Amino acid sequence: MKGKHHSKLLKDICDFLGSDLDSPPCSSIKEHLEKCKNCEIYVDKLKKTVALYRKLSMDTKVPDRVNRELFAKIYFSKDKDKGREK
Amino acid sequence: MVNRLEEDKILQRARQGDRDAFAELVKMYGDRIYGLALRMTGNEKDAEDVYQDTFLMALRKLDQFKGESSFFTWVYHIAINMAISKIKQRKKNFSENGLEDPDFDRLHQEPQKSWPDIELTQVDRERFRKKLSKALEKLPEIYRTVFILRDMHGLSTEETARILEITPSNTKIRLMRARNFLKNELESFLKEEGILL
Ligand SMILES: [Zn+2]
């Protein structure tokens with residue numbers, strides 16, 4: 001597979017690789033991905049990479065201390081507003 | 001999760017100066033905003049600042065929020081800008097280092113080996129998390145931000161493009177390169193650990 005068709009296909013594959021990997025690719029890519037074991041494995045690796053990072057991000061919680069400080073500031077700004085109204 | 005209608009009610013109360021209502025909004029979206037701040041800045045101290053400053057600014061500017069986007073998107077936008085200015089403050093080299101496209105020629109030359117299913121627990125969990133974070137930090141900021149928004153936070157291409165003020169196709173290219181980079185980083189780590197041969 002060389003030349004214009006190949007570079008167009010490559011562009012489409014790149015486009016697909018920057019989309020949601022579970023979204024249906026256009027028919028020409030789909031055809032290639034189904035036939036080409038290497039590309040299929042490559043996409044699978046990207047999916048696994050993304051999945052690991054998702055797990056990492058879902059674990060993140062705001063530390064309690066940070067929230068306590070923030071809430072104190074939020075309620076304090078209310079008192080300041082009141083002070084200004086008087 | 002509350003629906004849009006309930007959120008509007010909470011917002012309305014918050015606009016009228018009800019701090020409890022605003023605190024509700026913080027509780028709803030706080031973890032996601034903090035997670036974003038932590039990934040983008042790469043350290044807890046800066047993440048705290050970005051997180052708190054974001055919601056305090058949102059509180060101050062609440063009357064400017066017209067509801068054209070969702071409240072979350074609006075706050076998110078504030079957080080991203082805060083995080084970016086934080087990074088710029090401390091980094092000398094805020095450069096647009098190029099990342100490579102996946103090498104399709106090489107990919108097609110030799111048979112690829114697939115990965116097994118990988119769990120965070122496979123390597124000592126903390127060490128694995130650190131490794132993932134480190135790899136993310138290695139990404140030039142313009143790629144990292146796209147990856148964080150798209151893949152870690154699940155925003156759409158269009159949403160991400162709008163927030164970062166770039167085109168959707170630029171967003172896709174950055175995402176593709178970022179994914180490819182992180183995959184390579186992960187692959188060499190997994191090889192070091194003996195999980196991949
Ligand atoms: Zn292929």
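All of these numbers come straight from a predicted model, not from anything done at the bench. In what follows, every chain begins at residue 1, and chains take the letters A, B, ... in the order their sequences are listed.
Residue contact with chain A, scored on non-hydrogen atoms closer than 4.5 Å, is absent for B:Asp101. At a 4.5 Å heavy-atom cutoff, A:Glu40 makes no contact with chain B through either its backbone or its side chain. Contacts between B:Leu182 and chain A at a heavy-atom distance below 4.5 Å involve backbone atoms as well as side-chain atoms. Residue B:Arg179 touches chain A through both its backbone and its side chain, counting heavy-atom pairs closer than 4.5 Å. Using a 4.5 Å cut-off between heavy atoms, B:Ile173 makes no contact with chain A at all. Of the two parts of A:Leu17, the backbone and the side chain both hold a non-hydrogen atom closer than 4.5 Å to a non-hydrogen atom of chain B. Contact annotation for B:Leu136: both backbone and side-chain heavy atoms come within less than 4.5 Å of a heavy atom of chain A. Using a 4.5 Å cut-off between heavy atoms, A:Lys61 contacts chain B through both its backbone and its side chain. The part of B:Arg125 that comes within reach of chain A is its side chain, from C-beta onward, which places non-hydrogen atoms under 4.5 angstrom from that chain. With a 4.5 Å cut-off on non-hydrogen atoms, B:Arg60 does not touch chain A at all. Within the 4.5 angstrom heavy-atom criterion, only backbone atoms of B:Glu110 (N, CA, C, O) approach chain A. Proximity to chain A (any heavy atom under 4.5 Å) is shown, for B:Leu132, by both the backbone and the side chain.
Distance check: A:Ser57 OG to B:Arg39 CZ gives 7.5 Å after rounding to the nearest 0.5 Å. To the nearest 0.5 Å, atom OG of residue B:Ser133 and atom CG of residue A:Leu56 are 5.0 Å apart. Atom CG in B:Asp53 sits 9.5 Å away from atom CG in A:Leu70 (nearest 0.5 Å). Atom OG of B:Ser156 sits about 8.5 Å away from atom CG of A:Asp20, to the nearest 0.5 Å. Interatomic distance, CG of B:Asp103 versus OH of A:Tyr42, reported as 9.5 Å (0.5 Å rounding). With values rounded to the nearest 0.5 angstrom, B:Lys113 atom NZ is found 12.0 Å from A:Asn38 atom CG.
For A:Val62 against B:Asp31, the heavy-atom pair with the smallest separation is N-OD1, 3.0 Å. Scanning all heavy atoms of the two residues, the minimum distance from A:Gly18 to B:Arg150 falls at O-NH2, 3.9 Å. Taking every heavy atom of both residues into account, B:Gly35 and A:Thr60 meet most closely at CA-CG2, 3.7 Å.
Side-chain contact, B:Gln52 with A:Lys73: a donor N or O sits under 3.5 Å from an acceptor N or O. Under 3.5 Å, the side chains of A:Asn67 and B:Tyr51 contain a donor-acceptor pair of N or O atoms.
Note on A:Met58 and B:Leu36: separate hydrophobic clusters, where clusters join Ile, Leu, Val, Met, Phe, Trp and Tyr whose side-chain heavy atoms are under 4.5 Å apart, directly or indirectly. Under the 4.5 Å side-chain heavy-atom criterion for grouping Ile, Leu, Val, Met, Phe, Trp and Tyr, A:Ile41 is not connected to A:Val43 through any hydrophobic cluster. Both B:Phe104 and A:Leu9 are assigned to one and the same hydrophobic cluster, defined by single-linkage of ILVMFWY side chains at heavy-atom distances under 4.5 Å. Note on B:Ile195: it clusters hydrophobically with B:Leu120, by side-chain heavy-atom contacts below 4.5 Å among ILVMFWY residues.
When each of A:Asp44, A:Ile13, A:Leu21 is checked for heavy-atom pairs under 4.5 Å with chain B, A:Leu21 comes out on top. Chain A forms more heavy-atom pairs under 4.5 Å with one residue of B:Asn180, B:Ile33, B:Thr171, B:Val146 than with any other, namely B:Asn180. The candidate with the highest count of non-hydrogen atom pairs below 4.5 Å against chain A, out of B:Ala37, B:Ser169, B:Ser114, is B:Ser114. For the set B:Phe22, B:Phe55, B:Phe128, B:Trp115, the count of heavy-atom pairs under 4.5 angstrom toward chain A peaks at B:Trp115.
With respect to A:Lys55, the side-chain contact (heavy atoms from CB on, under 4.5 Å) criterion is satisfied by exactly one of B:Met152, B:Arg129, B:Glu119: B:Glu119. B:Asp117 pairs with exactly one of A:Lys48, A:Lys45, A:Lys47 by the salt bridge (charged side-chain N to carboxylate O under 4.0 Å, His left out) rule, that one being A:Lys48.
Residue-environment remark: CD (B:Glu193) exceeds the threshold of 12 foreign heavy atoms within 6.0 Å. Within a 6.0 Å radius of CD in B:Gln122, more than 12 heavy atoms belonging to other residues, nucleotides or ligands are found.
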B:Lys172 and A:Ser19: CA distance, side-chain angles, deciding distance, side-chain contact (heavy atoms from CB on, under 4.5 Å) verdict:
CA-CA 6 Å; B:Lys172 286 184 174 184; A:Ser19 303; 3.3 Å; yes

Run B:Ile148 and A:Tyr53 through side-chain contact (heavy atoms from CB on, under 4.5 Å) and show every step you take.
CA-CA 9 Å; B:Ile148 291 169; A:Tyr53 274 98; over 6 Å; no

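A cation-pi arrangement is found for B:Lys27 relative to A:Phe71, the charged atom lying closer than 6.0 Å to the ring centre and inside a 45° cone about the ring normal.
Using a cut-off of 4.0 Å between Lys/Arg side-chain N and Asp/Glu carboxylate O, B:Asp151 and A:Arg54 are scored as not salt-bridged.
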